[in-house]
Amino acid sequence: MYNFTKIEKKWQKHWQANNCFNAENNSTKPKYYILIEFPYPSGAGLHIGHVRSYTALDLLARKRRAEGYNVLFPIGWDAFGLPAEQYAIINKIHPKDAVKENIVTFKGQIQSLGISFDWNREFSTTDPEYYKWTQWQFLKFYEHGLAYKSKKDINWCPNCKVGLSNEESSGGVCERCGHSVTQKEKDQWLLRMSAYAEPLLEGLDNTSFQEKIKTAQVNWIGKSTGANVKFKIKDTDQNLVVFTTRPDTLYGVTFMVISPEHPILETLKDKINNYDEVQKYQNISKNKTDFERSELNKDKTGIKIDGLKAINPVSREQIEIWVGDYVLMNYGTGAIMSVPAHDERDYEFAKKFNIPIIEVIKGGDISKEAYTGEGEMVNSGMLNGLTNKAASTEKMIQYLEDNDLGERQTNYKLQDWIFSRQRFWGEPIPMISCDDCGWVPVPEAELPVLLPEVAHYEPTDSGESPLAAIKEWVHTKCPKCGKDAKRETDTMPNWAGSSWYWLRYMDPKNNKDFVSTEALNYWGKVDWYNGGMEHATRHLLYARFWNQFLHNIGLVPHSEPFEIRTAHGMILGANGEKMSKSKGNVISPTDIVEEVGADALRTYEMFIGDYEKEAAWSTNSLKGCKRFLDRVWRLPENMNTNTGYTNESLVHKTIKKVTYDIENMKYNTAISALMIMVNEYEKMDAITRDDLLILVKLLNPIAPHITEEINELYHLGEPLCETSWPTYDEDKTIDDEYEMIVQVNGKVRGKEMISTDTSKEEMEQIAKEIDNVKKHLDGKEIVKTITIPGKMVNIVVK
RNA sequence: GCAGGUGUGGCGAAAUUGGCAGACGCACUAGACUUAGGAUCUAGCGGAGUAAUCCAUGGGGGUUCAAGUCCCUUCACCUGCACCA
């Protein structure tokens, strides 16, 4: 047998030495930009799941090059963030060095797979030459009023004294120490992403993302339309404004609920008779985590505000105002109107606290449950008799606007992007705080603001970034007035570096600009971007937001950065569970490459099943793929010196199938078509040089090393990395003969090989002469005959 | 709850427009070659039946000459979002 390790090393070296996969920036060829989500170089090494998505797009990259495209297929490292920092703390090394080490490991692992990345464009988000431009772009956001500082509640572990992300505080406890998480107010930088909610939604129309990814984005943006309605608070000059999607039910409002954080509780506290009780409730809510306030807390709590009443703007009835922590301050106006007759939550609340329920839509039995369907409007003044929800909503909004009681309003779930992290290992936010001038941006000429070269990167007791403890770094001069000033000690989230990296790949060595205009104009959009479903919401929104902003200020030519976005399914352990060290089901790509070679691993991961679905690892199935490659290796033993194809339709059919399947992510069936080809070749007395050449060309994107080696060994043609993609002739995919199926009453009763140009009449005649068919026709009356040329005849009898 | 998706042999899965259900691969069984086999080759492989044939794509119903595919209904599971007003 052959030495796959030697062959693979040989060709990897060859490709690298000959710059086979380097994209050119000035090319007359058409361009094609293929992007995979750049990896986070963790200490655990490359995951078998990376191999799946890299190989899949490698097939496309290799095919596109063979089709004559100038292909950009880059890779780099997303290396800022918590895991690298943790790894560094545990191993007592500087994160910078930890990252360097991990990158070496990852790079070696990826290179051993033979993915056709353009390694000349490699960079890490932690390179000062890169994060200089991340900082520069942050200043652009600031310049255009989209970066601002504001107090925000964050998840806080009082034990570890550290801010936690939502992921780190899931279940309401600190991921690290198990202590329960509370909320702490912190001054944070935010990016005004909410201003882009509508463009981010509309922009999806200019993409060819997979439908499930578009849906995920739409849900995350969470647009809802309705109205803001003013409720006058009795005996005051104040209004309580609510957002509602159901202004049509306004006559059914019997109470209101406001969030414990609602400012009216402070401004009108003199009128509140049970203010002590209200304060107590506020305190309890404050100490609840988001988790407790939402998922756990099915039973709604609340207290009635004694002393305040609101007036229903249409029915003029006096209604109660309650405080309830199921109403969130950060959505809508922090206050809701409640229509218990037609909303399940409101119904539950009203029942629990004995609040009146007024029916305004006919159709259900409101003594039993809230009726949320459509129906005729009743008890609703001018809306009475209407049966169409849209019409009554519209009429009500019109009325509210005409009478200055409210206005049409659209709300989004999408919030501004909290851009501060109290961490060491991130891009320093390039801002300086001056007592006299306020926040002042670091001048462009002084970028990058480098992370200091010291070893104090553990979190501080105060919850501030570790940078705050480094006095000589913090103290600086105000760029505006020259007085003593302090640097911002927060760093950026690790989503920052991944929000524009595809632009840098276009021109990665540029030291005058984040990317040149020429490179931008040439490469344009990413044509095909693949990544995990877990990044279909946040990362993809951040990246699109960032790009839309750069486009709006004239820095990039397209408002949408990605044309196609697809998502691969996860590879699970052999037991069907997610791979993890603790479960002991982790498969290392390096081990597999050593055992069976990169080609077999690649083939297996493409053959494993539907690319978009998750799949469990199977060592047996891997062996089957290795066996297939072994058979390919042995094919030349039975090769003659002839040219031309032994089975022309087989060749054309296979080219068609593989070409179509690679474009449509049906990698498993592409491989199955190639297996069929090999099966057929093995049955032949001998194969020709052309038979073999076409096979290695089609198999090359999947198993690039072994095919290059066979091609070279038998002098079949030019190196496959320089060759062109084979084309097929539709006419030649059709066989001269085929097996006609004959059915009687829809059941198969006979089969017969016939010539492809047999007429309908002839087909029917041949069909009726088959013995078994005759038997089933005997004594019956033929009602009709359906004949599909090229397929079958169905005779219907009585 | 909302949104998206998936149900096909022992297993991973195929089935461009409705047209032989189970391609291809794994596992398994028998045989060949072999000192040996976790190598290779040959044959078999959804279920029942000696066979003709019948049954079978989560369940039930329908449309059709013909349904995994279209329609109605129902069940189960997975993923994402979620007191979002």
Side-chain angles (χ1 to χ4, degrees), chain A residues 1 210-216 218-220 222-224 226 242-246 256-257 259 290 293-301 324-328 330-339 343-346 348-349 372 411-415 533-534 536-537 567 569-570 603-604 607-610 612-625 627-628 630-631 634 656-657 660-661 664 666 668-679 682 739-751 772 775 783-788 790-797:
Chain A
M1 204 64 313
Q210 280 177 334
E211 217 41 53
K212 63 174 175 181
I213 292 169
K214 281 193 185 181
T215 311
V218 169
N219 288 347
W220 193 274
K223 179 178 183 172
S224 53
V242 301
F243 171 69
T244 178
T245 55
R246 298 296 304 273
M256 304 180 77
V257 187
S259 160
D290 281 353
R293 267 179 79 159
S294 56
E295 275 155 288
L296 262 186
N297 200 0
K298 296 284 180 233
D299 197 27
K300 312 225 170 334
T301 64
D325 65 8
Y326 74 96
V327 177
L328 308 174
N330 60 10
Y331 183 78
T333 62
I336 60 166
M337 61 179 223
S338 292
V339 187
D343 179 279
E344 279 166 33
R345 271 172 312 149
D346 295 346
E348 207 185 299
F349 197 88
T372 53
N411 270 340
Y412 302 88
K413 287 191 224 170
L414 188 71
Q415 310 263 311
M533 204 55 207
E534 69 275 19
T537 46
M570 232 192 307
T603 307
Y604 168 61
F607 189 63
I608 195 166
D610 188 336
E612 297 178 59
K613 278 199 268 182
E614 41 185 47
W617 180 263
S618 159
T619 302
N620 274 334
S621 197
L622 169 70
K623 272 193 275 177
C625 292
R627 198 176 298 166
F628 165 65
D630 292 349
R631 283 162 60 204
R634 286 196 302 264
K656 183 181 177 181
K657 179 82 181 145
Y660 176 86
D661 282 353
N664 291 283
K666 289 165 166 275
N668 53 342
T669 50
I671 291 170
S672 115
L674 291 166
M675 286 173 168
I676 290 169
M677 181 177 243
V678 170
N679 288 347
E682 283 177 342
E739 193 177 47
M740 172 178 68
I741 304 302
V742 183
Q743 299 179 337
V744 178
N745 283 350
K747 306 250 181 204
V748 180
R749 300 301 181 190
K751 298 177 182 184
N772 194 41
K775 212 171 87 189
V783 181
K784 65 172 157 177
T785 306
I786 294 110
T787 306
I788 315 288
K791 291 220 162 86
M792 43 92 63
V793 175
N794 186 11
I795 304 165
V796 185
V797 298

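Numbered from 1 within each chain, the chains take letters A, B, ... in sequence-line order.
- Distance from the side chain of W220(A) is smallest to C81(B) among G25(B), C81(B), A85(B).
- Rounded to whole Å, atom C1' of C84(B) lies 15 Å from atom CZ of R246(A).
- C2(B): Watson-Crick or G-U partner is G80(B), with both key distances under 3.5 Å.
- In this view, W617(A) and Y604(A) satisfy the ring pair (Phe, Tyr, Trp, His ring centres under 6.0 Å) rule, not counting sequence neighbours.
- In this structure, K413(A) and W220(A) have side chains that are not in contact, with every pair of non-hydrogen atoms separated by 4.5 Å or more.
- Residue-level contact check: I741(A) touches the bases, meaning some heavy atom is under 4.0 Å from a base atom.
- Look at CZ on R749(A): it is 16 Å from C1' on G19(B), rounded to the nearest Å.
- The residue K775(A) sits close only to the backbone: its heavy atoms come under 4.0 Å of sugar-phosphate atoms, none of a base.
- The side chain of M675(A) lies closest to G25(B), out of G25(B), C81(B), A85(B).
- Distance from the side chain of T669(A) is smallest for A14(B) among the nucleotides G25(B), A14(B), C20(B).
- Within 4.0 Å (heavy atoms only), Y660(A) reaches at least one base atom of the nucleic acid.
- G68(B) and C81(B) have their C1' atoms separated by 31 Å, with the value rounded to a whole Å.
- U8(B) and G59(B) have their C1' atoms separated by 15 Å, given to the nearest Å.
- Using a 4.0 Å heavy-atom criterion, one finds that K747(A) contacts the sugar-phosphate atoms exclusively.
- Here N219(A) does not reach the OP1 or OP2 of G80(B): none of its side-chain N or O atoms lies under 4.0 Å away.
- Comparing C81(B), C20(B), G25(B) against the side chain of K413(A) picks out C81(B) as the nearest.
- Using a 4.0 Å heavy-atom criterion, one finds that N411(A) contacts no nucleic acid atom at all.
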Please list, for nucleotides 4-10 of chain B, all pairs of protein and nucleotide N/O atoms separated by less than 3.5 Å.
none

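- With sequence neighbours left out, E534(A) forms a side-chain contact (heavy atoms from CB on, under 4.5 Å) with no residue at all.
- Annotation: side chain to side chain donor-acceptor pair (under 3.5 Å) contacts of T372(A) (sequence neighbours excluded): none.
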Residues T785(A), T787(A); criterion side-chain contact (heavy atoms from CB on, under 4.5 Å); working and verdict: CA-CA 6 Å; T785(A) 306; T787(A) 306; 3.8 Å; yes

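- Between the C1' atoms of G18(B) and U69(B), the separation comes to 6 Å (whole Å).
- Which of C84(B), C24(B), C54(B) sits closest to the side chain of R345(A) comes down to C84(B).
- C2(B) and A21(B) are spaced 39 Å apart, taking the P atom of each and rounding to whole Å.
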Chi angles and distances behind the side-chain hydrogen bond (donor to acceptor under 3.5 Å, both in side chains) call for S224(A), N411(A): CA-CA 5 Å; S224(A) 53; N411(A) 270 340; 5.7 Å; no

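- Minimum atom distance to the side chain of E739(A) is reached by C20(B), of the listed C54(B), C20(B), A27(B).
- As judged by a 4.0 angstrom heavy-atom cut-off over every strand, K666(A) is placed among residues touching the sugar-phosphate backbone only.
- Applying the side-chain contact (heavy atoms from CB on, under 4.5 Å) test to K656(A) and every residue at least two apart in sequence or in another chain returns Y728(A), E730(A), T733(A).
- Spacing of C1' atoms, C70(B) relative to A23(B), comes out at 24 Å, to the nearest Å.
- Between F243(A) and I336(A) the shortest side-chain heavy-atom distance does not fall below 4.5 Å.
- For D325(A), the listed nucleotide lying nearest its side chain is C83(B); candidates were C55(B), G19(B), C83(B).
- No engagement by S618(A) is indicated, since no non-hydrogen atom pair under 4.0 Å with the nucleic acid exists.
- Checking A48(B) for Watson-Crick or G-U wobble geometry (two distances, each under 3.5 Å) identifies U53(B) as its partner.
- G9(B) and G5(B) have their C1' atoms separated by 23 Å, with the value rounded to a whole Å.
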Base-contact (B) and sugar-phosphate-only (S) positions in nucleotides 62-71 of chain B, heavy-atom cut-off under 4.0 Å, - elsewhere: ---B------

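- The ring pair (Phe, Tyr, Trp, His ring centres under 6.0 Å) search around F349(A) returns F255(A), W322(A), Y326(A), F353(A), not counting sequence neighbours.
- Here G624(A) lies in heavy-atom contact (under 4.0 Å) with sugar-phosphate atoms only.
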Residues V742(A), K751(A); criterion side-chain contact (heavy atoms from CB on, under 4.5 Å); working and verdict: CA-CA 6 Å; V742(A) 183; K751(A) 298 177 182 184; over 6 Å; no

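- At a threshold of 4.0 Å, the pair R634(A)-E682(A) does not count as salt-bridged, since none of the basic side-chain nitrogens sits closer than that to a carboxylate oxygen.
- The side-chain contact (heavy atoms from CB on, under 4.5 Å) check on M792(A) picks up I741(A), Q743(A), I788(A), N794(A), with sequence neighbours excluded.
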Which pairs, protein N/O on one side and nucleotides 38-43 of chain B N/O on the other, fall under 3.5 Å?
unit_1	atom_1	unit_2	atom_2	d
U40(B)	O3'	R634(A)	NH2	3.4

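- Of the P atoms belonging to C20(B) and C24(B), the separation is 16 Å, rounded to the nearest Å.
- For A13(B), there is no paired nucleotide, since no Watson-Crick or G-U wobble pair has both relevant distances below 3.5 Å.
- Of the candidate nucleotides C24(B), A13(B), C54(B), A13(B) has the atom lying nearest to any side-chain atom of N668(A).
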Annotated protein contacts, base or backbone, on nucleotides 46-51 of chain B with a non-hydrogen cut-off under 4.0 Å, one of B, S, - each: ------

side-chain contact (heavy atoms from CB on, under 4.5 Å) between N679(A) and M677(A), intermediate numbers included: CA-CA 5 Å; N679(A) 288 347; M677(A) 181 177 243; over 6 Å; no

Worked verdict on N668(A) versus I608(A) for side-chain contact (heavy atoms from CB on, under 4.5 Å): CA-CA 7 Å; N668(A) 53 342; I608(A) 195 166; over 6 Å; no

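- In this structure, G9(B) is classed as syn because its glycosidic torsion stays within 90° of zero.
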Nucleotide N/O to protein N/O under 3.5 Å, stretch nucleotides 29-32 of chain B:
none

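- For K784(A), the side-chain contact (heavy atoms from CB on, under 4.5 Å) partners are I786(A), V796(A), not counting sequence neighbours.
- Pairing for U34(B) is absent, judged as Watson-Crick or G-U wobble with the two contacts each under 3.5 Å.
- Within the 4.0 angstrom heavy-atom criterion, only backbone atoms of the sugar-phosphate kind lie near N679(A); the bases stay farther away.
- At least one donor-acceptor pair under 3.5 Å links the side chain of D661(A) to the backbone N or O of A670(A).
- To the nearest 0.5 angstrom, M570(A) atom CE is 11.5 Å from M533(A) atom CE.
- Atom C1' of G58(B) sits at a distance of 23 Å from the matching atom of A3(B), rounded to the whole Å.
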